[in-house]
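Down below is the structure, laid out as C-alpha cells.
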Amino acid sequence: MKCDECGKREATFHSIKKINGVTTERHLCSECQKKYGGSLMKMSGLGNLFGGLGSFFDEPRLSARNEYICPSCGTTGDEFLRTGFVGCSNCYKEFAPIIMPVIRRMQGDVSHVGKVPLGVENSVSMEYDRLKKELEKAIELEEYEQAGIIRDRMRQLKGESSDERKL
Amino acid sequence: MNGNYNDVVVTSRVRLARNADGLPYPYKLNDDRALLLAKKVCDAVNKRSSEPSDVENGDADYALYRMESINDIDGEVLREKHLISADLLENKKYGAAIINGSETVSVMVGEEDHIREQCILQGFDLHGAYHKINAVDDDISKAIKFAYDAKLGYLTSCPTNIGTGMRASAMMFLPGLGITRNLEQCVGAVARLNMTIRGVYGEGSEADGYLYQISNQKTLGVSEQEILGSVQASIGHIADAELHAREQLFKENSVAMKDRIFRSYGVLCNAYTLDSKEFMKLFAMVKLGVFYELLKVSDSQRFEKLVTDAQPANILNLSGKQLGEEERDVFRAAYVSKTLKSICKR
C-alpha cells in the first residue's frame, strides 16, 4: 500500500479510527508520518480526541476537571471527557473551559453561521447568509476584487464573535 | 459506457441533529418527559400529512414505529434500509421513528440526540435531500423549541455535531478504485478536505460491494449550503477518479473483467445457496457489467433494491417465514436468481 501523502513510498504507519460511527483511515510512510504525524488528529477530525485529552490541559486543570458538575443534569467534566457526550444544553455553559478547547480543536475557532430556528434572531448567521448571496452575485458578474472583500468579511464574521462568547 | 455521476452515487443523504431545549439529552433522560417528546415530534411530523407537496408525491402517510413494540426482524429491516440506526433500536424505552410512505424521510426520536431528521434520495441529489428535510425541520421547530445558541448553533449531545447539526453524505459505488487499489489514495485526499469516508458494509478497500459513504466532518462555522457544496465537490472528485479507474480497468483488462462479470452473473443466476457477503461481492461485479453495457437491466429500481433485499433481515422478511441461517441462504439464492433472470439479461 502506498503512502496517502506522497503516494510514492510504501505506507508503514496505518491508522484506522472509528469514533461515534465515523471511521477514518490514514496510511503513511515513515517520512510523511514524521512530517504530518503531529497534524494527524486535525486531518482525521476526531481522532484520539477523547482518548488523549491530556494534551489540551496542563496538569492542575486536568486534575480539576472533576470539579465541573452540571447542576441541571449531573454530568461531570470527567464524564464528558471520557465519553465525548454532554448531558444537556447547560453542560456547554458549565463545562465551557474544558469543552471549548475540544470544540476549537474539532471544528476550528469559529461561530455558527448556518440555519437559525424559526422565530430566533441571529445577526451573525443572517449577515453571513446575506454576504454569501452577495459573493455568489459578485462571482457571477466576475467582480473578483469585490468577491475577495466579501470573502474576507465572511471569514472575519466566522471568527469575529468567537471572543464574545456569552452562553 | 456512459459515465454519469449517478453510476457512482447510489444515494444522497442529509441528516440534521436536534435537541429540545430544557430537557436532558437522551443518555440522561429517563422519565415520562421522553415519552411526551416522542409524542410531540410525531404530532408535528404527522401534520405534514396535509402538505400538498407530500400528498402529491404519495409521501403523506407517515408511519410511526415504537422501538418498545417493534419486533426484532422489523427493526433490523429498517436498520438495513438505513432508515433507523442501531442506537435507536437499543432505546426500547421511548425510541421511535416516523417514516414517510416512500421511505425517503425518517425522523428518529431518542437516538444520540433527541431528534435526528434525515432524508435519503436515490442518486446524486444532496440539494434535493436538504430541501426536503429542511421543510420537515421547520415544521418540527414550530412544535418544539430547539436547543440553540447564537455562537454554537444547534446544541448536540456530542460536540462533533454542533452548529448546523448537519451531516451530508453520499453512498458511493467504487469498484474501479477498489479493484485498482487506488482507494487508499482517495481516502487520504478526502481526509485532507475534512471529509470522512467509510465502508457501508465493512471497512477498508475490501468493504462489501465496494460501497462507501462520504460525509462532512465539520458542522460548525460553515453554513448548510457550504457543507452541501464541499461534500458535492468531494463526491465529484471521487466520482471522476472512479469513472477514470473503470475506464482504465476495462481498457487494460478487458478479457479478465468480462470473464469476472459474466462468471458473477452466472453464479448469481444459478447458485443454490448464497450468503450475503458473497452476494455483495458478486452483485458488485454484475452492477459493473451493467455500467460497461455487458448486461442490460429492464427495471433499474428493482435492480438497485436487490442490495437491501438481500440483507439478512430483509430477505427473511421477504420469505415471510422463520428460517434458519442455511434455509435463509437457500432462499436468498432463489430470490436473487429469479429477480436477476427477470430484469437483467446479457
Side-chain angles (χ1 to χ4, degrees), chain A residues 1-5 7 11 16 18-28 43-46 49 72-75 83-89 91-92 99 102-103 106-120 122-125 128-129 132 158-159 161-162 164-167, chain B residues 16 18-19 21-25 27-29 85-87 112 134 137-138 141-142 145-166 181 184-185 187-189 191-192 194 196-199 203-205 215 217-227:
Chain A
M1 186 185 289
K2 297 286 182 214
C3 171
D4 286 344
E5 278 301 329
I16 301 172
K18 187 166 184 178
I19 296 160
N20 200 17
V22 177
T23 303
T24 311
E25 281 190 34
R26 292 288 290 156
H27 307 279
L28 301 176
M43 285 189 285
S44 56
L46 270 179
L49 213 44
S72 294
C73 67
T75 303
T83 62
F85 295 105
V86 296
C88 70
S89 306
C91 289
Y92 280 101
I99 209 168
V102 174
I103 291 175
M106 267 177 204
Q107 312 258 12
D109 192 7
V110 287
S111 298
H112 177 61
V113 290
K115 184 177 178 178
V116 178
L118 296 178
V120 175
N122 182 342
S123 53
V124 174
S125 270
Y128 190 84
D129 205 30
K132 182 135 200 317
K158 276 190 197 186
S161 52
S162 59
E164 305 163 359
R165 198 173 134 50
K166 290 172 196 143
L167 248 176
Chain B
L16 303 173
R18 302 288 187 248
N19 284 289
D21 194 37
L23 265 192
Y25 293 167
Y27 292 131
K28 295 276 174 179
L29 186 61
S85 65
D87 279 357
E112 186 183 299
N134 190 36
D137 184 56
D138 282 345
S141 77
K142 286 173 198 159
K145 189 181 173 212
F146 289 145
Y148 177 84
D149 171 70
K151 167 149 171 61
L152 295 175
Y154 290 94
L155 300 176
T156 52
S157 207
C158 178
T160 45
N161 295 311
I162 206 164
T164 54
M166 177 161 132
R181 300 258 156 210
E184 287 80 5
Q185 236 170 339
V187 170
R192 276 194 295 277
N194 270 317
T196 299
I197 181 165
R198 67 180 180 91
E203 300 295 339
S205 53
S215 60
Q217 284 184 352
K218 261 177 80 78
T219 52
L220 177 68
V222 274
S223 69
E224 287 79 3
Q225 293 302 326
E226 285 171 323
I227 293 174

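Since the structure is predicted, the reported quantities are computational estimates derived from the model, not experimental observations. The sequence lines fix the lettering, A, B, ..., with proteins before strands; numbering per chain opens at 1.
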Select, from [options], the one with the greatest count of heavy-atom pairs under 4.5 Å involving chain A.
options: B:Asp21, B:Ile227, B:Asn134; answer: B:Asn134
options: B:Ser85, B:Ala147, B:Ser157; answer: B:Ser157
options: B:Lys142, B:Met166, B:Lys218; answer: B:Lys218

### Message
At a heavy-atom distance under 4.5 Å, which candidate from A:Pro117, A:Cys73, A:Gly108, A:Ser125 has the highest pair count against chain B?
### Response
A:Pro117
#### Entry: Contact winner vs chain B - A:Val116, A:Asp129, A:Ile103, heavy-atom pairs under 4.5 Å
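Looking at each of A:Val116, A:Asp129, A:Ile103 in turn, A:Val116 comes out on top.
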So what's closer than 4.5 Å to chain A heavy atoms on [X]: side chain, backbone, both or neither?
X: B:Asp87; answer: neither
X: B:Leu23; answer: backbone
X: B:Thr164; answer: both
X: B:Lys145; answer: neither

Taking side chain as C-beta onward, heavy atoms only, is [X] less than 4.5 Å from [Y]?
X: A:Ser89; Y: B:Tyr148; answer: no
X: B:Asp149; Y: A:Tyr92; answer: no
X: B:Leu155; Y: B:Asn19; answer: no
X: B:Tyr154; Y: B:Asp137; answer: yes

### Worked check of side chain to side chain contact (heavy atoms under 4.5 Å, CB included) between B:Tyr27 and B:Glu112
CA-CA 7 Å; B:Tyr27 292 131; B:Glu112 186 183 299; 4.0 Å; yes
#### Entry: Between CG on residue B:Leu220 and OG on residue A:Ser111, distance to nearest 0.5 Å
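Reported to 0.5 Å precision, the distance equals 7.0 Å.
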